[in-house]
Amino acid sequence: MTTTTTRPAPGRAGPASPAATERVGRVLAPIVVGVVGLAVWQFLVSVVEVSPYLLPGPREIGSELRDNAAAVREAFWITGTNAAIGLVFGTVVGIVLAGLAAWARVVDGMLAFVVASLAVVPIVALAPVLNSMYGADSEYGRRAIAAIAAFVPIYVNTVRGLRQTTPQHRDLMHSYAASGWQTFRALTLPSAAPHVITGIRVASSLAVISALVAEYFGGPRGGLGSFISTSAATSAYALAWAYVVAAIVLGLVAYVVTVAIERLVQWRLPTGGRS
Amino acid sequence: MTTDRPLPTAPVPDQEDHVDAPQPEHERPARRATDSEPDHAFGAPPAVRASGVSKTFGSRRSQVSALSEVDLTVAAGEFVALIGPSGCGKSTLMRLVADLETPSSGSLEVFGKPAARARADQDYGIAFQQAGLLPWRTVAANIALPLELHGAPRAERKQRVAELVELVGLGDFARSRPDQLSGGMQQRVAIARSLAERPRLLLMDEPFGALDEMTRERMQAELARISVETGAAVVFVTHSIPEAVFLADRVVVMSARPGRITDEIVTGIGRDVVRDEHLREDPAFFRKVTEVREALHAGPVSAAGAHER
Ligand SMILES: Nc1ncnc2c1ncn2[C@@H]1O[C@H](COP(=O)(O)OP(=O)(O)OP(=O)(O)O)[C@@H](O)[C@H]1O
Ligand SMILES: [Mg+2]
């Protein structure tokens with residue numbers, strides 16, 4: 001520290017610059033892309049005069065967002081809650097069942113078929129069934145859909161992660177006469193962690209999309225998906241796009257949350273080069 | 001220059017012959033620095049006693065006989081090198097002693113106990129042929145693993161790890177992760193880990209295989225010193241004849257298909273002879289190297305084994 005302050009400016013910039021540039025770049029790059037994108041968009045709308053029916057301009061969407069701030073926020077909240085509840089539930093069930101499957105092959109055999117089926121059932125088919133099952137004014141159907149969507153990648157990745165221990169490492173733990181719990185703590189869990197994280201990362205965006213799309217197929221009004229579809233149906237395209245923007249923000253929030261979880265796990269259970 | 005050098009701690013005054021003078025194990029003084037228990041006092045059980053041990057792998061249809069009728073006794077505090085062509089069952093023998101495999105027939109005792117019991121009691125430390133470090137742990141944390149699992153207090157762990165990291169010359173890398181180390185450095189971490197609990201029996205499977213000649217010689221000297229200081233018995237697998245002779249009290253020569261012991265050569269170099277450059281240049285040392293080489297070639301050299309090398 002003391003040496004850097006006494007150094008001349010170029011010397012100070014020298015060693016610090018690669019990391020600093022990288023950090024600035026990481027923040028700046030998406031912003032630049034966003035700004036350029038918005039500019040092109042606005043250009044298309046105001047100069048080239050693409051019909052606002054096809055594509056409303058960013059300015060228009062911005063004013064719709066401002067005018068309907070309260071409604072958008074509430075819809076954001078509803079969909080976000082559904083997605084979050086679905087994600088948490090799907091994650092917990094997925095990890096617990098994966099633990100059972102890794103522990104007893106029988107369970108794996110029993111679940112493999114169910115999971116494979118769940119993975120391919122389309123939301124289009126599932127949503128109306130669950131919505132009518134829980135009643136027209138219940139959010140549970142949507143949460144169930146989000147949970148199912150989240151469950152599949154979590155389960156699949158966790159099962160794989162729990163099988164990542166190498167014979168060599170198992171021999172090592174065996175040579176230490178380590179108990180089952182010790183082996184799990186010191187070996188199985190850290191080997192599985194990166195895979196579980198991958199599962200959560202995939203699951204989080206799936207949960208958001210599923211919660212959103214499920215709203216297209218009945219259930220109570222409210223939520224970003226419902227409003228996107230009703231606004232579009234009433235030709236309020238700028239408003240529909242305003243909800244889409246909110247949905248994108250929701251997706252970004254989900255992404256940031258998973259990155260935070262990833263960092264937390266990495267910090268508690270560093271995985272070295274493999275992640 | 002080497003011949004007229006007085007061996008400082010050689011037990012036999014006649015230096016030309018000292019290598020040939022066999023030393024009965026039980027006459028050596030107890031040297032276990034960390035433990036006053038007279039492990040290899042008269043009548044103490046040997047570190048390893050294998051009698052008629054065979055090991056067959058595979059299903060009924062395709063069987064591989066890895067070991068056949070192996071008899072081997074390693075006295076407490078004795079340093080035994082295992083040498084033989086690739087695939088002759090050296091690793092298998094070591095894994096049997098470590099209770100990572102069970103013999104197909106024959107009996108195996110470690111410190112007078114069944115191998116499973118010795119493993120439960122943590123009587124041995126093992127360094128595998130591959131380093132086998134946990135990639136998410138730092139060098140220090142890898143070395144600390146056995147101490148952690150067996151409940152050593154934090155302060156003790158820290159101190160021991162610091163010692164070991166220095167011992168294997170990785171002081172600057174204590175906080176690095178295995179994937180930041182070279183193969184030889186990883187191997188040294190594994191060696192440090194095997195030494196962590198000062199075991200009475202060290203099982204080492206080609207531990208220096210990945211090391212450069214300089215480091216290898218230094219690690220050999222360190223291992224020799226450690227084995228003397230702790231009085232630990234060592235079973236040491238190697239493909240290097242000079243290394244085997246340099247380190248061991250006894251070199252056990254094996255041959256392949258089926259894996260069995262074909263010869264044993266007592267080096268006669270006492271445990272208390274300092275393992276250094278002088279010993280490497282000693283004519284008596286060369287004679288033993290030749291003897292082991294001849295024993296190795298006398299056995300039917302497995303063609304497959306020769307190709308694998
Ligand atoms: N788990 C196993 N299953 C089947 N065969 C095995 C197994 N482990 C070892 N073998 C066989 O046993 C024989 C001896 O193997 P081992 O690993 O003990 O040889 P080695 O003497 O250590 O060889 P190297 O010097 O190459 O390490 C080989 O033929 C090998 O194919
Ligand atoms: Mg081997």
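A, B, ... follow the sequence lines: proteins, then strands. Residue 1 opens every chain.
Contacts of B/L203 with chain A are absent, with no heavy-atom separation under 4.5 Å from either backbone or side chain. With a 4.5 Å cut-off on non-hydrogen atoms, B/I126 touches chain A through its side chain but not through its backbone. Proximity to chain A is absent for every atom of B/A116, based on heavy atoms less than 4.5 angstrom apart.
Within a 6.0 Å sphere centred on CZ of A/R160, heavy atoms belonging to other residues, nucleotides or ligands number 12 at most. More than 12 heavy atoms of other residues, nucleotides or ligands lie within 6.0 Å of CZ in B/R95, so this atom counts as buried by the packing criterion. Within a 6.0 Å radius of CZ in A/R170, other residues, nucleotides and ligands contribute more than 12 heavy atoms. At most 12 non-hydrogen atoms from other residues, nucleotides or ligands lie less than 6.0 angstrom from OH of A/Y255.
Across A/A186 and B/W136, no two heavy atoms sit closer than the pair O-CZ2, 3.4 Å. Residue A/A177 comes nearest to B/Q122 through the heavy atom pair N-NE2, 3.5 Å, listed as atom of the first residue, atom of the second, then distance. A pairwise comparison of heavy atoms in A/M173 and B/L149 identifies CE-CD1, 3.7 Å as the closest pair.
In this structure the side chain of B/L145 reaches within 4.5 angstrom of the side chain of A/L172, judged on heavy atoms.
Within residues 158-166 of chain B, no residue approaches chain A closer than 4.5 Å by heavy atoms.
Put simply, CD on A/Q182 and NE2 on B/H150 are 6.5 Å apart, with the number rounded to the nearest 0.5 Å. Here the OH-CD distance, from A/Y176 to B/E148, works out to 10.5 Å after rounding to the nearest 0.5 Å.
Between the side chain of A/Q168 and the backbone N or O of B/Q130 there is at least one donor-acceptor pair closer than 3.5 Å. Judged by distance alone, with hydrogens and angles left aside, the side-chain atoms of A/H169 form a donor-acceptor pair with the main-chain N or O of B/L133 at under 3.5 Å.
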